[in-house]
Participant: 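This structure is in structure tokens; I'll ask about it shortly.
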Amino acid sequence: MTTLLVIAKEPRPGRVKTRLTPPFTPGQAAELAEAALADTLHAVAATPATRRVLVLDGAPGPWLPPGFDVVAQCAGGLDERLAEAFARCAGPALLIGMDTPQVTPELLTVDFADCDAWFGPAEDGGFWALGLACPDPALLRGVPMSAPVTGAVQRARLIAAGLRVRDLPRLRDVDTAADAHAVAALAPRGRFAARLARCPAGRPVAGPVSRPADPR
């Protein structure tokens with residue numbers, strides 16, 4: 001069975017989802033981040049796993065369900081932090097971020113019987129999930145993060161290493177107000193959608209294309 005890793009930031013105003021402000025206030029953005037994280041963690045909690053680990057920048061709060069080990073993120077860039085999360089795993093592992101509250105246990109139930117890696121592309125060019133049958137931190141170190149080519153470079157790195165890669169469905173990350181409304185519509189019964197509905201701001205607006213999301 002697989003270790004499930006969630007890499008995340010503590011949802012504190014001014015530290016998370018800063019691209020939601022404006023139209024949301026920093027406090028609203030943090031509340032939306034908390035709801036997204038809670039939805040993600042509860043999906044992970046409902047997924048069969050050997051171990052569930054929250055790789056956290058900050059301190060856990062009441063949004064953390066039981067059954068998770070909490071470990072601190074290491075210092076360095078996101079590629080280093082992702083690499084270190086995998087380095088702590090002795091067997092198959094699947095890592096996701098906190099930006100896809102529409103994720104389900106069905107999406108997270110992966111089998112490495114006929115592949116070496118799972119890759120979950122994000123609509124903005126990043127990736128929302130990465131699974132490795134034999135975690136190797138070197139597969140992540142040096143991959144440029146928050147760039148239009150992040151997902152393509154990461155997947156190419158897996159192929160170049162000779163791994164058999166299977167793809168998960170492409171998902172949309174929550175980065176902007178438009179993303180928030182689109183994702184809430186995909187999971188209308190979730191905590192994220194409910195919290196968004198209580199926000200007086202944040203009507204969908206046209207804007208620039210999001211940067212590739214970081215899986216954290």
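Bear in mind that the values here come from a model prediction, so they are computed numbers and not experimental data.
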Participant: Show the nearest heavy-atom pair for residues Pro144 and Val153, with the distance to one decimal.
Facilitator: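 Scanning both residues, the minimum pair turns out to be CD-CG1, 3.7 Å.
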Participant: Tell me the closest heavy-atom pair linking Asp173 and Ala122, and the distance in Å.
Facilitator: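 Heavy atoms of Asp173 and Ala122 come nearest at OD2-CB, 3.0 Å.
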Participant: Please check: side-chain N/O of Asp116 versus main-chain N/O of Ala133, any donor-acceptor pairing under 3.5 Å?
Facilitator: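 No: the side chain of Asp116 does not pair with the backbone of Ala133.
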Participant: Under the 3.5 angstrom rule, does the side chain of Trp128 hit a backbone N or O of Pro169 as a donor-acceptor pair?
Facilitator: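 A pair under 3.5 Å: yes.
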Participant: Less than 4.0 angstrom from a charged side-chain N to a carboxylate O is my criterion; do Asp175 and Arg19 meet it?
Facilitator: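 So Asp175 pairs with Arg19 through a salt bridge.
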Participant: Determine whether a donor-acceptor pair (N or O, by modelled atom type, separation under 3.5 Å) exists between the side chain of Thr100 and the backbone of Val103.
Facilitator: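 The answer is no, because no donor-acceptor pair under 3.5 Å joins these two groups.
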Participant: If we ignore hydrogens and angles and just use 3.5 Å, is the side chain of Glu80 paired with the main-chain N or O of Gly77 as donor and acceptor?
Facilitator: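 Not a single qualifying donor-acceptor pair exists.
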Participant: For Val174, does its backbone N or O pair with a side-chain atom of Lys17 as donor and acceptor, under 3.5 Å?
Facilitator: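 Yes, Lys17 side chain to Val174 backbone: donor-acceptor pair under 3.5 Å.
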Participant: For Glu84, what residues pass the salt bridge (Lys or Arg N to Asp or Glu O under 4.0 Å) criterion, not counting sequence neighbours?
Facilitator: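 Glu84: salt bridge (Lys or Arg N to Asp or Glu O under 4.0 Å) contacts with Arg88.
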Participant: If I compare all heavy atoms of Val55 with all of Ala85, which pair ends up nearest, and what's the gap?
Facilitator: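 Scanning both residues completely, I find the closest heavy atoms to be CG2-CB, 4.1 Å.
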Participant: Is there a side chain to side chain contact (heavy atoms under 4.5 Å, CB included) between Asp179 and Arg172 once you walk through the steps?
Facilitator: CA-CA 7 Å; Asp179 294 332; Arg172 184 170 182 168; 2.8 Å; yes
Participant: Would you please test Leu82 and Leu78 for side chain to side chain contact (heavy atoms under 4.5 Å, CB included) and show each step?
Facilitator: CA-CA 6 Å; Leu82 297 180; Leu78 182 57; 4.0 Å; yes
Participant: Considering only NZ, NE, NH1 and NH2 on the basic side and carboxylate oxygens on the acidic side, decide whether Arg141 and Asp79 come within less than 4.0 Å.
Facilitator: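 No, no charged N to carboxylate O under 4.0 Å.
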Participant: So, for Thr109 and Pro48, which heavy atoms are closest and what is the spacing to 0.1 Å?
Facilitator: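 Taking Thr109 first and Pro48 second, the nearest heavy atoms are OG1-CD, 3.9 Å.
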Participant: Return the set of residues passing ring-ring contact (aromatic ring centres under 6.0 Å, His included) with Phe119 (not counting sequence neighbours), or none when no residue passes.
Facilitator: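 Phe119 satisfies ring-ring contact (aromatic ring centres under 6.0 Å, His included) with Phe127 only.
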Participant: Is the closest side-chain heavy-atom distance between Phe68 and Val44 below 4.5 Å?
Facilitator: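 Of all side-chain heavy-atom pairs linking Val44 with Phe68, at least one is under 4.5 Å.
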Participant: Is the backbone of Gly14 close enough, under 3.5 Å, to the side chain of Thr18 for a donor and an acceptor to pair up by distance?
Facilitator: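 Between the backbone of Gly14 and the side chain of Thr18 there is no qualifying donor-acceptor contact (under 3.5 Å).
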Participant: How far apart are the C-alpha atoms of Trp118 and Leu132, what are their side-chain angles, what is the distance that settles it, and do they pass the side chain to side chain contact (heavy atoms under 4.5 Å, CB included) test?
Facilitator: CA-CA 7 Å; Trp118 286 90; Leu132 297 172; over 6 Å; no
Participant: At their closest point, which heavy atom of Gly58 faces which heavy atom of Glu10, and how far apart are they?
Facilitator: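 Residues Gly58 and Glu10, closest heavy atoms: CA-OE1, 3.5 Å.
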Participant: Go through the structure and list residues passing side chain to side chain donor-acceptor pair (under 3.5 Å) with Arg52, not counting sequence neighbours.
Facilitator: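 With sequence neighbours excluded, Arg52 shows a side chain to side chain donor-acceptor pair (under 3.5 Å) to no residue whatsoever.
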Participant: Between Arg81 and Asp57, is there a salt bridge with N-O shorter than 4.0 Å?
Facilitator: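 Result for this pair is no, no salt bridge flagged.
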Participant: Check Val16 against Ala30 and note the closest heavy-atom contact, atom names and distance.
Facilitator: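 Reported closest heavy-atom pair: CG2-CA, 3.9 Å.
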Participant: So does Val149 get a backbone contact from the side chain of Gln154, meaning a donor-acceptor N/O pair under 3.5 Å?
Facilitator: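 Checking the backbone N and O of Val149 against the side chain of Gln154, no donor-acceptor pair under 3.5 Å is found.
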Participant: Please test Phe86 against Asp136 for side chain to side chain contact (heavy atoms under 4.5 Å, CB included), starting from the C-alpha separation and ending with a verdict.
Facilitator: CA-CA 7 Å; Phe86 277 109; Asp136 179 359; over 6 Å; no
Participant: So, Arg157 side chain and Ala138 main chain: donor-acceptor pair closer than 3.5 Å or not?
Facilitator: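 Side chain of Arg157 to backbone of Ala138: a pair is present.
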Participant: Closer than 4.0 angstrom, basic N to acidic O: yes or no for Asp69 and Arg51?
Facilitator: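 Yes.
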Participant: Report whether Ile7 and Val71 are members of the same hydrophobic cluster (ILVMFWY, side-chain heavy atoms less than 4.5 Å apart, transitive linking).
Facilitator: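 Hydrophobic grouping puts Ile7 with Val71.
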